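Working notes for the structure below.
Every value quoted in this text rests on a predicted model; they were computed, and no experiment measured them.
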2 protein chains.
Amino acid sequence: MNIGQAAKKSGVPAKTIRYYEEIGLIPPAGRTAAGYRDYADAEVETLKFINRARSLGFSVHDVGDLLALWRDRGRASADVRRIAQGHVAAVDRKIAELQAIKQTLEGLIHRCHGDDRPDCPILEELAPACCGSGGQGL
Amino acid sequence: MNIGQAAKKSGVPAKTIRYYEEIGLIPPAGRTAAGYRDYADAEVETLKFINRARSLGFSVHDVGDLLALWRDRGRASADVRRIAQGHVAAVDRKIAELQAIKQTLEGLIHRCHGDDRPDCPILEELAPACCGSGGQGL
DNA sequence: ATGCACCTTCCAGTCACTGGAAGGTCAAGC
DNA sequence: GCTTGACCTTCCAGTGACTGGAAGGTGCAT
């Protein structure tokens, strides 16, 4: 099957498949006589694997590690678990960061009357040295 | 004051200040006879403003809009509020996405015994067509 | 005069793609 | 056999927001 069909079956765009090949995440595909890339079902499964891992937010680097473990019949599940736990920790940090940002912003939005008058606690928070005076910087 | 001092006072790295100038977020700085960039306190305030807005996760594009509103003495606070609310909505979507990812991963990690045996529900979830068999793709 | 820390510009790399141009291939229809 | 259109190929460039490094000029103290 050609790259377009593999893309449709796997859900990974053709451009992205070529990109994954280029960076070495997947090995170079076989070629037809005309130079077209040629894929079997097994490669499509690999692409689906990559797609699912990426949609869970694993970096392409981590996906490479997961693929290697997937291919290794003798792998220890602890190795997979470790990668997943590291990723959950990173996700947790990101969530905490975003929640802090959200809280700050919601407090500011709550205090901003949001009408056609110029005074705005949001800008005042961003520029505490010159509350509401405008045009200090440039 | 030169760029290094402005960087120290504002918390924005010198490289990043040059970058902000290059993309037009801040106007070109004045220059000394020798060609060094020269900053006054007002420019440092602008950089602090940018730094705070960026740390709240506003895109550089949004920061440009906020800066313009800050400089506009007649701005409507509603305009600022709208930008902030749009950003909160984006932050919310991101949080929800990350929480979904986290839940999925935690469920998988919980089911993975994480020892030196090869069977692992995490890989099985990523490759449902060939649970635990290994090496299907390449 | 020499050293060192600072400044300048420009180019390249990060991450994970994505778009587009220029040109080759395949299959269908006439 | 020829055209048409949808595919494929490679290569280059751009995204966002920086960051690192090289090569060379400047400022100041000794």
Checklist outcome for this item: By nearest-heavy-atom nucleotide on DNA chain D, the more 5' of His61(B) and Thr32(B) is His61(B)
Atom [atom1] of [X] and atom [atom2] of [N]: how far apart are they, to the nearest Å?
X	N	atom1	atom2	result
Glu22(A)	dT9(D)	CD	C1'	13 Å
Ile26(B)	dA17(D)	CD1	C1'	14 Å
Glu21(B)	dA17(D)	CD	P	18 Å
Gln5(B)	dC6(C)	CD	C1'	10 Å
Tyr19(B)	dT9(C)	OH	C1'	17 Å
Lys94(B)	dG16(D)	NZ	C1'	14 Å
Met1(A)	dC26(C)	CE	P	18 Å
Ile3(B)	dG25(D)	CD1	P	20 Å

Would you say a side-chain N or O of [X] is under 4.0 Å from OP1 or OP2 of [N]?
X	N	answer
Arg54(A)	dC17(C)	yes
Asn2(B)	dC6(C)	no
Tyr20(B)	dA17(D)	no
Arg31(A)	dT10(D)	yes
Arg37(A)	dT10(D)	yes
Tyr36(A)	dG24(C)	no

Next on the checklist: Please check this pair: side chain of Ser10(B) against backbone of Lys48(B), looking for a donor-acceptor N/O pair closer than 3.5 Å.
Outcome noted: no
Checklist entry - Would you say Asp38(B)'s side chain and Met1(B)'s backbone share a donor-acceptor pair under 3.5 angstrom? => result yes
Next on the checklist: If you assign Thr16(A) and Ala34(A) each to the DNA chain C nucleotide with the nearest heavy atom, which residue ends up on the more 5' nucleotide?
Outcome noted: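 Whichever sits nearer the 5' end wins; that is Thr16(A).
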Item to check | 5' priority, DNA chain C, between Ala33(A) and Pro13(A) [closest heavy atom] | outcome: Pro13(A)
Checklist entry - CD of Gln5(A): more than 12 outside heavy atoms within 6.0 angstrom? => result yes
Item to check | More than 12 heavy atoms from other groups under 6.0 Å of NE2 on His113(A) | outcome: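 Buried by this count: over 12 neighbours within 6.0 Å.
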Checklist entry - What nucleotide among dG19(C), dC8(D), dA16(C) has an atom nearest to a side-chain atom of Arg18(A)? => result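 Shortest atom-to-atom distance from the side chain points to dC8(D).
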Checklist entry - Within the structure shown, what part of the strands sits under 4.0 Å from Ile23(B) by heavy-atom distance: base, sugar-phosphate, or nothing? => result nothing
Next on the checklist: As a quick check of understanding, evaluate side-chain contact (heavy atoms from CB on, under 4.5 Å) for Leu105(A) and Phe58(B), giving each step before the final call.
Outcome noted: CA-CA 11 Å; Leu105(A) 282 173; Phe58(B) 286 99; 3.7 Å; yes
